[in-house]
Amino acid sequence: MRVNRISRARNRAAVGLSVAALAVGVTTAAGPAVAQQKAAPAAAADCSAAYRIEQKLSTGTTWRMCWRYDTNAGLVLEKISYQPKGEAQPIKVLTSAKLAQIHVPYDDGSVEYDDLTGFGFAQGLMNLAPAECPGGTIKTVKVPDAWDPENPNVKGLCTTTRSRGHAYRMQGDTGNQVYQAQGKDLLVYTVNQVGWYEYMTEWRFQDDGTVNMNVGATGSLSPGDYDAGDGRGWPLGKGAKDYATSHNHNVFWRLNFGLDGSSKNKIEQYDSVVSAPAQGGEAPRNKTTRTKVTKELAGDAKNMRWWRVVSNTGKNKDDHARSYEIVPGATSTYPGRSYTKHDIYFTEYKKCEQFASHNPRNCGTGAGKSVDKWVNGQALTQPIVWMNVGFHHVARDEDQQPMPVHWQGFSIAPRDVTAMNPLTPPALADQNGQPDNGR
């Protein structure tokens, strides 16, 4: 049962009808979302200071991006670039990045929710206290189609920096020489309330070029769901009286890469197979093969399988094509719906295809409303990456009260974006390639 505490009188049916009505006439992701009945806030096309995020980390790396707030997706990041020390110009990475759906089906089959397009995720943006954004800045967001039209401005976007521990450590040639550095991240996040849940949408931009995308669910377990008498739940409270119904959180992200400023990127899949040692050999052998993904694909993560997005135009100083590797996080793949059966989708860019399920845009007759329907063999020239990470939430006593954050997400990691580790200390800057044993 969903009761949104922003307005407890707002039941599920009313919210669904309200959001559906507002979705009519909404613009595409090329600009700020607008409802017909009133204008939504517009982020300046040139990314004015109010919509710009720029952070130089203490290790020398600078991240730059623009932001806007969409009536369904919430926070959208655009024009994301990365400039480590030693690079004269910013390296363009992503044209846009956003959440594409949070699908929540309950184990007993009684309900399922599509929180972004069906339950007002964006309208549930929460005000953040200064203590929640230590050392950072809280930006004011004008929420389009705000449920409280008298108070559409929310202090809801935190940008700050955080340490993440060792970026590297290496013992030098002499016993008293240790090379080490502590990594720094730019953290950008919002909190959106949907029913009893509060979703923390977190983007971490590391000084080594890695980007981590995570959603954390916290808040409260819905007291209306303490009714799992059919065994599809977990007992909470005294004895075995209240059973919290188990459910899934299937989170989708949509990434539009723009490596080196071009949307015409390539997709490659790598698979490794381990075989027994050759006759007389000492160890098993491992052969890795590359498959060029030239057509739309619904992909499944497997042991020793990975994908990368490759620039068509840019190379690093070693003359290697720049790329980003997709690093899946832990997941529980949910087979109950066609669009949640696969871990990753690569589709050809189409302006109307913005949400992984219950897409409110009109993509034409027979196009379908979910990402699986858009994989139909079309050639990939401008690929869009859709990542699906699932979490099966079987409640526990420790989930009350409040509920600890449970995280799910994935990363993209630079592969040959720079010729060396972007955090290499000056003393080791000449050690690129085969070491010179004569030094």
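Going from atom OH of Y334 over to atom CZ of F391 covers 15.0 Å, rounded to the nearest 0.5 Å. Atom NE2 in H249 sits 7.0 Å away from atom CD in Q408 (nearest 0.5 Å). Once rounded to the nearest 0.5 Å, the distance linking OH of Y339 with NZ of K373 reads 9.0 Å. For the atom pair OG of S357 and CZ of R337, the computed distance is 9.5 Å after rounding to the nearest 0.5 Å. A distance of 5.5 Å separates OG1 of T201 from CG of N192, quoted to the nearest 0.5 Å. Between the CE atom of M304 and the NZ atom of K287 there is a distance of 14.0 Å, given to the nearest 0.5 Å.
Using a distance-only test at 3.5 Å, with no hydrogens or angles considered, a donor-acceptor pair links the side chain of E296 to the main chain of E348. No donor-acceptor pair closer than 3.5 Å links the side chain of R308 to the backbone N or O of E325. W374 places a side-chain N or O within donor-acceptor distance of the main-chain N or O of G368, the cut-off being under 3.5 Å. For the pair N256 (side chain) and T95 (backbone), a donor-acceptor distance under 3.5 Å is absent. E112 places no side-chain N or O within 3.5 Å of a backbone atom of G109 that could act as its donor or acceptor partner. A donor-acceptor distance shorter than 3.5 angstrom exists from the side chain of N316 to the backbone of D416, with no hydrogens or angles considered. Looking at K369, its side chain never comes within 3.5 Å of a backbone N or O of N362 through a donor-acceptor pair. The backbone N or O of H358 sits less than 3.5 Å from a side-chain atom of T117, completing a donor-acceptor pair. A donor-acceptor contact shorter than 3.5 Å links the side chain of Y168 to the backbone of L423. In this structure, the side chain of S411 does not engage the main chain of A413 through any donor-acceptor pair within 3.5 Å.
In this structure, Y199 and Y197 have parallel ring planes: the angle between them is below the 30° cut-off, well short of the 60° mark. By the 30° and 60° cut-offs, the orientation of the rings of W63 relative to F205 is tilted. Note on ring orientation: taking the six-membered ring where Trp is involved, the planes of Y106 and H247 are parallel (angle under 30°, cut-offs 30° and 60°). Between F410 and W253, the two ring planes are perpendicular [angle over 60°; tilted spans 30° to 60°].
A salt bridge links R204 with D185: at least one charged nitrogen is closer than 4.0 Å to a carboxylate oxygen. Salt bridge D372/K341: absent, no basic N to carboxylate O contact under 4.0 Å. A salt bridge does not link R305 with D300: every distance from a Lys NZ or Arg NE/NH1/NH2 to an Asp or Glu carboxylate oxygen is 4.0 Å or more. Residues D208 and R164 are paired through a salt bridge, judged by an N-O separation under 4.0 Å between the basic side chain and the carboxylate. Look at R64 and E54 and you find a salt bridge, because one of the NZ, NE, NH1 or NH2 atoms lies within 4.0 Å of a carboxylate O, short of that distance.
Contact detail for P422 and K85: the closest heavy-atom pair is O-CE, 3.6 Å. For the residue pair K139 and R52, the shortest heavy atom distance occurs at NZ-O, 3.6 Å. Residues G314 and S311 approach most closely at N-OG, 2.8 Å, considering heavy atoms. Of all heavy-atom pairs between L57 and Q206, the closest is CD1-C, 4.4 Å. Nearest heavy atoms, D114 versus Q101: C-OE1, 3.5 Å. Here the shortest heavy-atom pairing between A73 and K98 reads CB-CD, 3.9 Å.
Shown here is Q89, whose CD atom has no more than 12 heavy atoms of other residues, nucleotides or ligands within 6.0 Å. For D397, the CG atom is densely surrounded, since the number of other residues' heavy atoms within 6.0 Å is greater than 12. Within a 6.0 Å sphere centred on NZ of K56, heavy atoms belonging to other residues, nucleotides or ligands number 12 at most. Within a 6.0 Å sphere centred on NZ of K266, heavy atoms belonging to other residues, nucleotides or ligands number more than 12.
There is a side-chain donor-acceptor pair under 3.5 Å between H392 and D107. For the residue pair S262 / N312, no side-chain donor-acceptor distance below 3.5 Å is found, with atom types taken as modelled.
Each of V251, V194, L99 was scored for a side chain to side chain contact (heavy atoms under 4.5 Å, CB included) with L116, with one residue passing: L99.
Looking only at side-chain heavy atoms (C-beta outward), V371 and T347 come within less than 4.5 Å of each other. Side-chain contact between V273 and N286: absent, with no pair of heavy atoms (C-beta onward) separated by less than 4.5 Å. Residues L75 and L157 are in side-chain contact: their nearest non-hydrogen atoms beyond the backbone lie under 4.5 Å apart.
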